J.: 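This is the structure I want to talk about, given as structure tokens.
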Amino acid sequence: MRKDQVEPPQDGSGVTRADLAGVRPGPGPALFDAVLLDRDGTVIYDVPYNGDPDQVRPVPGAREALDRLRAAGLRLGIVSNQSGIARGRFSAADLARVIARVEELLGPFDTWQICTHGEPAQGTPGCRCRKPAPGLVWDAARALGTVPGRCVVVGDIGADMTAAGAAGAAGILVPTPATRTEEVAAAPAVAGDLRAAVDIILRRQRLARGTAGPDPGRTRPRCVLVARPDSAGDVLVTGPAIRAIAAGADRVVMLCGPRGRAAAELLPGVDELIEWPLPWIDPQPQPVDRAQVDRLADRLAAVAADEAVLFTSFHQSALPLALVLRMAGVRRISAISDDYPGSLLDVRHRVSLGIPEAERALSLAAAAGFPLPPDDEPVLRLRTDCLAPPPTDQALAEPGYVVVHPGSSVDARACPPELCQRIVAALTEAGHRVVVTGGPGEGELCTRVAGRSGVDLGGQTSLTGLAAIISRAGCLVVGNTGPAHLAAAVGTPVVSLFAPTVPFGQWGPYRVPAVRLGDAAAGCRHTRATTCPVPGHPCLSTVEPSNVVEAVRLLGEGAA
């Protein structure tokens, strides 16, 4: 194995010895500034309506886990619902004594954010702070001088994860016997205990930053070829990694496929595009043709790249393209590969499953010697010079409307049209202006979904035009498809009607406020199916339009 090949641990944990030993991080920016923890059931045992400091008992390993976060430079906060005050079960003074006891046992926290309100009556909007509302997360981030996107929320129930997502923070669920099965299935990440949650946080932090410093003997490459020959959403989530490479090279040439070309044109840092369908990547591939492969090798040789970085999804192989690049004379090639690469790769990077796809790509860029610069935030972005001007439609003159995008590039991830139609009607009845968008060939679908109350823009916009529309929206309602990542790139909150065919934590909207809806435990879970394998499409057909309206309200609380 070459010295710059990275092997995972053999115990299957996905956490390397370096992660656990506290290796000094590399030169890239940190993903997270702070960790926000639920109190009862997460750092101490849950005693209902506890106002007695003598009943405070930390969960096993809590002090050690929290001290590891402190040692890593992360600030800590508590975000906790304590309705016992509103119910008269204990006083504010009792709460203060319990807080003092928690800090005596577990060390100091940098902020305590407590909601003392009771649960609202049925059908009545609650306060902005009681989880699952995101107010506590926003307030904690503000108190710590950061933003929710740079925070991780660790909790034991679904309300903690919903609050995290609605604020735009990362979430890790640590289940207890009281945690419902559907909450575990819907969580973006799950850890067996608090110590394991800390392992995940520190591993993600190190993967994105890289653990190796700059190679003093390595010169700045004149040209780097990057490849992501996949769909629009895949291309968009690779954006931060491509910016990292662009910061460390004089020129970046990107190899993309026909389905991702429009998205690749929107990425900052790309100087030239090569569009080429690859039969080992495309979902409807043409037969492999030797003459076509020879032409590809000649085209790539003409780029004269000093090195190449190959981005793939976890179920794809980078090795066929690596072979073509070797034929084209590229001297240094980096890629993620579980398969033995022989001499095809110079940097063989390996990443365990479960981390967001954008961070997976960032970790490869860092392993290849291209950490994201400290002044660049690891979020999705678009080239503003490529965006279409604001739409001239009178219905879109004022920003803040809700966009409903019913189509999907994969049938198994699409919300049933009749449900989308009911969602548009429910949002309109709740007082929202609703715009329905769709790509080429989706005009009939959008007309059906818009009905009499929505503004129908189906089939009328390019990807850049769609980005302009979404950028002025208050919220986007969409499945797991390219426009969800487009919304993340322009900072628009997302109601994610997410079919669980792929993991939400890996493919959900990245670092943008989002609320996930749908049956996360449906029979299609993690099948990667492109056509729904379960009659009736239960993962999305069971979504109630009223839940979409409530999700839009929660996201609005965060924006406020």
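Predicted model only: the values in this text are computed from it and were never measured.
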J.: Hey, does Asp46 have a side-chain heavy atom less than 4.5 Å from the side chain of Thr176?
T.: no

J.: For Pro148 versus Ala141, what's the shortest heavy-atom pair and its separation?
T.: N-CB, 3.7 Å

J.: What residues, two or more places apart in sequence or in another chain, satisfy side chain to side chain contact (heavy atoms under 4.5 Å, CB included) together with Ala426?
T.: Pro545, Val549

J.: State whether the side chain of Ser471 and the backbone N or O of Val490 hold a donor-acceptor pair below 3.5 Å, judged by distance alone.
T.: no

J.: How long is the gap from SG on Cys129 to CG on Asn81, to the nearest 0.5 Å?
T.: 8.0 Å

J.: How long is the straight-line distance from CG of Leu310 back to CZ of Arg228, given to the nearest 0.5 Å?
T.: 11.0 Å

J.: Working to the nearest 0.5 Å, report the span between OG1 of Thr464 and CG of Asp385.
T.: 11.0 Å

J.: Do Val184 and Leu173 have side-chain heavy atoms sitting under 4.5 Å apart?
T.: yes

J.: Indicate yes or no: at least one non-hydrogen side-chain atom of Pro240 is less than 4.5 angstrom from one of Leu380.
T.: yes

J.: Is it the case that the side chain of Arg525 and the backbone of Ala520 share a donor-acceptor pair, with hydrogens and angles ignored and the cut-off at 3.5 Å?
T.: yes

J.: Could you list the residues that satisfy side chain to side chain contact (heavy atoms under 4.5 Å, CB included) with His315, not counting sequence neighbours?
T.: Ser313, Arg528

J.: Decide side-chain hydrogen bond (donor to acceptor under 3.5 Å, both in side chains) for Ser80 and Gln82; before the verdict, give the C-alpha distance in whole Å, the side-chain angles of both, and the deciding distance to 0.1 Å.
T.: CA-CA 6 Å; Ser80 180; Gln82 294 296 327; 2.8 Å; yes

J.: Test Thr492 against Val403 for side-chain contact (heavy atoms from CB on, under 4.5 Å), laying out the working first.
T.: CA-CA 10 Å; Thr492 297; Val403 174; over 6 Å; no

J.: Are the side chain of Glu357 and the backbone of Asp234 linked by a donor-acceptor contact shorter than 3.5 Å?
T.: no

J.: Give me each pair satisfying side chain to side chain donor-acceptor pair (under 3.5 Å) with a member in residues 112-121, each pair once, sequence neighbours excluded.
T.: Glu103-Trp112, Thr111-Gln113

J.: At their closest point, which heavy atom of Val137 faces which heavy atom of Ala163, and how far apart are they?
T.: CG2-O, 4.1 Å

J.: Under the side chain to side chain contact (heavy atoms under 4.5 Å, CB included) test, which residues partner Val35, sequence neighbours left out?
T.: Leu37, Leu69, Leu74, Leu76, Val154, Ile201

J.: Pro277 versus Gln286: any side-chain heavy-atom pair under 4.5 Å?
T.: no

J.: Take Asp199 and Arg203 through the test side-chain contact (heavy atoms from CB on, under 4.5 Å) and record every step on the way to the result.
T.: CA-CA 6 Å; Asp199 289 342; Arg203 173 166 55 94; 6.0 Å; no

J.: Which heavy atom of Arg150 sits nearest a heavy atom of Pro378, and at what distance?
T.: NH1-CD, 4.3 Å

J.: Please report the interatomic distance CG(Leu396) to OH(Tyr401), rounded to the nearest 0.5 Å.
T.: 5.0 Å

J.: Among residues two or more places apart or on two chains, list those pairs meeting salt bridge (Lys or Arg N to Asp or Glu O under 4.0 Å) that have a residue in residues 159-181.
T.: Lys131-Asp160, Arg180-Glu182, Arg180-Glu183

J.: Looking at Ala484 and Val478, what are the two nearest heavy atoms and their distance?
T.: CB-CG1, 3.7 Å

J.: Just grab all the salt bridge (Lys or Arg N to Asp or Glu O under 4.0 Å) pairs involving residues 500-514, residues at least two apart or on different chains.
T.: Glu377-Arg511

J.: Quick check: do Leu236 and Leu382 have side-chain heavy atoms less than 4.5 Å from each other?
T.: yes

J.: For Val270, enumerate each residue passing the side chain to side chain contact (heavy atoms under 4.5 Å, CB included) test, keeping only those at least two apart in sequence or located in another chain.
T.: Ile242, Met254, Leu267, Leu273

J.: Could you walk me through whether Val152 and Ile172 satisfy the side-chain contact (heavy atoms from CB on, under 4.5 Å) test, starting with their C-alpha distance in whole Å, then the side-chain angles of each, then the deciding distance to 0.1 Å, before giving a yes or no?
T.: CA-CA 7 Å; Val152 186; Ile172 301 176; 3.9 Å; yes

J.: Compare all side-chain heavy atoms of Asp376 with those of Arg381 and state whether any distance is below 4.5 angstrom.
T.: yes

J.: If you measure from OG1 on Thr238 to CG on Asp230, what distance do you get to the nearest 0.5 Å?
T.: 8.0 Å

J.: Ignoring hydrogens and geometry, is there a side-chain-to-backbone donor-acceptor pair from Arg360 to Ile336 under 3.5 Å?
T.: no

J.: Can you confirm whether Arg383 sits close enough to Pro268 that some side-chain heavy atom of one is under 4.5 Å from a side-chain heavy atom of the other?
T.: yes

J.: If only side-chain N and O atoms count, and only distance matters, is there a donor-acceptor pair under 3.5 Å linking Asp411 with Thr531?
T.: no

J.: Which heavy atom of Ile245 sits nearest a heavy atom of Ala365, and at what distance?
T.: CG1-CB, 4.2 Å

J.: State which residues pass salt bridge (charged side-chain N to carboxylate O under 4.0 Å, His left out) with Asp282; sequence neighbours excluded, sorted by chain then number.
T.: none

J.: State whether the side chain of Thr312 and the backbone N or O of Ala318 hold a donor-acceptor pair below 3.5 Å, judged by distance alone.
T.: no

J.: Scan for salt bridge (Lys or Arg N to Asp or Glu O under 4.0 Å) pairs involving residues 432-451, sequence neighbours excluded, and state none if there are none.
T.: Glu418-Arg448

J.: Check whether any side-chain heavy atom of Pro406 lies under 4.5 Å from a side-chain heavy atom of Val436, and answer yes or no.
T.: yes

J.: Atom CD1 of Ile423 and atom SG of Cys415: how far apart are they, to the nearest 0.5 Å?
T.: 4.5 Å

J.: Taking the side chain from Thr530 and the backbone from Val410, do they hold a donor-acceptor pair closer than 3.5 Å?
T.: no

J.: Applying side-chain contact (heavy atoms from CB on, under 4.5 Å), run through Val424 and Gln421 and close with a yes or a no.
T.: CA-CA 5 Å; Val424 169; Gln421 185 177 23; 5.9 Å; no

J.: Give a yes or no on whether the backbone of Ala159 and the side-chain of Thr162 come within a donor-acceptor separation of less than 3.5 Å.
T.: no

J.: Just to verify, what does Phe311 make a ring pair (Phe, Tyr, Trp, His ring centres under 6.0 Å) with, not counting sequence neighbours?
T.: none

J.: Return the minimal non-hydrogen interatomic distance between Gly536 and Ser541, and the atom names on each side.
T.: O-OG, 2.9 Å

J.: What pairs of residues pass the ring pair (Phe, Tyr, Trp, His ring centres under 6.0 Å) test when at least one of them lies in residues 482-518, not counting sequence neighbours?
T.: Phe498-Phe504

J.: Decide side-chain hydrogen bond (donor to acceptor under 3.5 Å, both in side chains) for Thr447 and Asp456; before the verdict, give the C-alpha distance in whole Å, the side-chain angles of both, and the deciding distance to 0.1 Å.
T.: CA-CA 6 Å; Thr447 299; Asp456 179 12; 2.6 Å; yes

J.: Could you work out, with salt bridge (charged side-chain N to carboxylate O under 4.0 Å, His left out) as the rule, every residue matching Glu359, not counting sequence neighbours?
T.: Arg204

